[in-house]
Amino acid sequence: DAGVIQSPRHEVTEMGQEVTLRCKPISGHNSLFWYRQTMMRGLELLIYFNNNVPIDDSGMPEDRFSAKMPNASFSTLKIQPSEPRDSAVYFCASSQAEGEKLFFGSGTQLSVL
Amino acid sequence: QKEVEQNSGPLSVPEGAIASLNCTYSDRGSQSFFWYRQYSGKSPELIMFIYSNGDKEDGRFTAQLNKASQYVSLLIRDSQPSDSATYLCAAINTGGFKTIFGAGTRLFVKA
């Protein structure tokens with residue numbers, strides 16, 4: 001299996017622009033998670049899906065952030081409008097079931113200028 | 001109070017020594033605990049998981065869990081320079097839905 005696939009690997013954008021991050025989970029995994037990692041705050045859970053349904057989005061920082069999972073093999077995290085404080089590494093992870101170990105993608109390094 | 005707490009380090013040990021990494025958690029209902037390793041610029045990868053009180057050994061790694069004290073630890077025996085990384089402690093919350101991570105402990109193994 002190719003593992004969790006994220007794109008793009010790097011994104012540099014200007015404040016106010018829309019940013020869309022993409023994730024393809026491991027086939028057969030029914031739970032998907034979006035995390036954000038910064039030096040100051042560590043690895044923060046933003047949102048997770050189970051069977052394509054958003055279960056908990058309490059970690060989404062603001063209304064500027066939204067996430068979708070239209071099918072079992074694809075998810076997006078969108079930031080609109082982006083701000084410099086959104087600069088971080090965004091990880092997507094999937095697990096075979098709730099409560100099981102996570103497999104992480106390579107992450108997207110986002111820089112908002 | 002953070003849900004999962006770790007000493008951020010850095011922890012420095014000489015090659016061949018035992019590295020001891022510690023973690024406490026606040027959710028008494030947590031049942032599953034994980035240790036992930038993250039090399040600089042890379043994504044976290046699972047190295048150990050533990051569900052029951054006591055010790056669990058896998059090669060040079062031993063995970064220890066004490067639910068009464070809400071304490072998890074990871075021991076790395078015969079530490080190697082390649083073990084130098086950040087080690088993230090994680091717990092599944094009550095209800096079994098969310099994996100919550102600690103801030104991580106940076107480990108340096110000196111050759």
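Predicted, not measured: the structure shown is a model, and the values here were computed from it. Residue numbers begin at 1 in each chain, while the letters A, B, ... track the order of the sequences.
- Considering only heavy-atom pairs separated by less than 4.5 Å from chain B, the leading option among Gln37(A), Glu44(A), Gln109(A) is Gln37(A).
- Chain A forms more heavy-atom pairs under 4.5 Å with one residue of Gly41(B), Ser8(B), Pro44(B) than with any other, namely Pro44(B).
- Hydrophobic clustering, with ILVMFWY side chains joined whenever heavy atoms are under 4.5 angstrom apart, keeps Leu75(B) apart from Val13(B).
- Counting heavy atoms of neighbouring residues, nucleotides and ligands inside a 6.0 Å radius, atom CZ of Arg64(A) exceeds 12 of them.
- Note that CG of Leu43(A) is 7.0 Å distant from CD of Gln38(B), once rounded to the nearest 0.5 Å.
- By the neighbour-count criterion of 12 heavy atoms within 6.0 Å, atom CD of Glu14(A) is sparsely surrounded, having that number or fewer from other residues, nucleotides or ligands.
- With hydrogens and angles ignored, the 3.5 Å screen pairs no side-chain donor or acceptor of Tyr35(A) with any backbone N or O of Phe101(B).
- Counting side-chain heavy-atom gaps under 4.5 Å among Ile, Leu, Val, Met, Phe, Trp and Tyr, the cluster of Met15(A) also holds Val19(A), Leu21(A), Leu32(A), Trp34(A), Leu46(A), Ile47(A), Phe49(A), Met60(A), Phe65(A), Met69(A), Leu77(A), Ile79(A), Tyr90(A), Leu110(A), Val112(A).
- Within a 6.0 Å radius of CG in Asn71(A), more than 12 heavy atoms belonging to other residues, nucleotides or ligands are found.
- Interatomic distance, Phe97(B) CZ to Asp56(A) CG, rounded to the nearest 0.5 Å: 9.5 Å.
- Proximity to chain B is limited to the side chain of Ser58(A), based on heavy atoms less than 4.5 angstrom apart.
- Residue Phe34(B) touches chain A through its side chain alone, counting heavy-atom pairs closer than 4.5 Å.
- The structure places CG of Leu46(B) at 8.5 Å from CG of Leu102(A), a figure rounded to the nearest 0.5 Å.
- If you take CG on Leu45(A) and CG on Asn93(B), they are separated by 9.0 Å, rounding to the nearest 0.5 Å.
- Heavy-atom distances place no part of Glu45(B) under 4.5 Å from chain A, backbone and side chain included.
- Atoms OG and CD1, from Ser95(A) and Ile92(B) in turn, are 7.5 Å apart once rounded to the nearest 0.5 Å.
- Within a 6.0 Å radius of CD in Gln96(A), other residues, nucleotides and ligands contribute 12 heavy atoms or fewer.
- The distance from atom NZ of Lys42(B) to atom CZ of Phe104(A), rounded to the nearest 0.5 Å, is 15.5 Å.
- Criterion: ILVMFWY side-chain heavy atoms under 4.5 Å apart, direct or through other members. Under it, Ile50(B) and Leu88(B) are not part of a common hydrophobic cluster.
- In Lys101(A), the NZ atom is not crowded: 12 or fewer heavy atoms of neighbouring residues, nucleotides or ligands sit closer than 6.0 Å.
- Residues forming a ring-ring contact (aromatic ring centres under 6.0 Å, His included) with Phe33(A) (at least two apart in sequence, or on another chain): Tyr48(A).
- Minimum interatomic distance between Ser43(B) and Gly105(A) (heavy atoms only, all atoms of both residues): CB-O, 3.0 Å.
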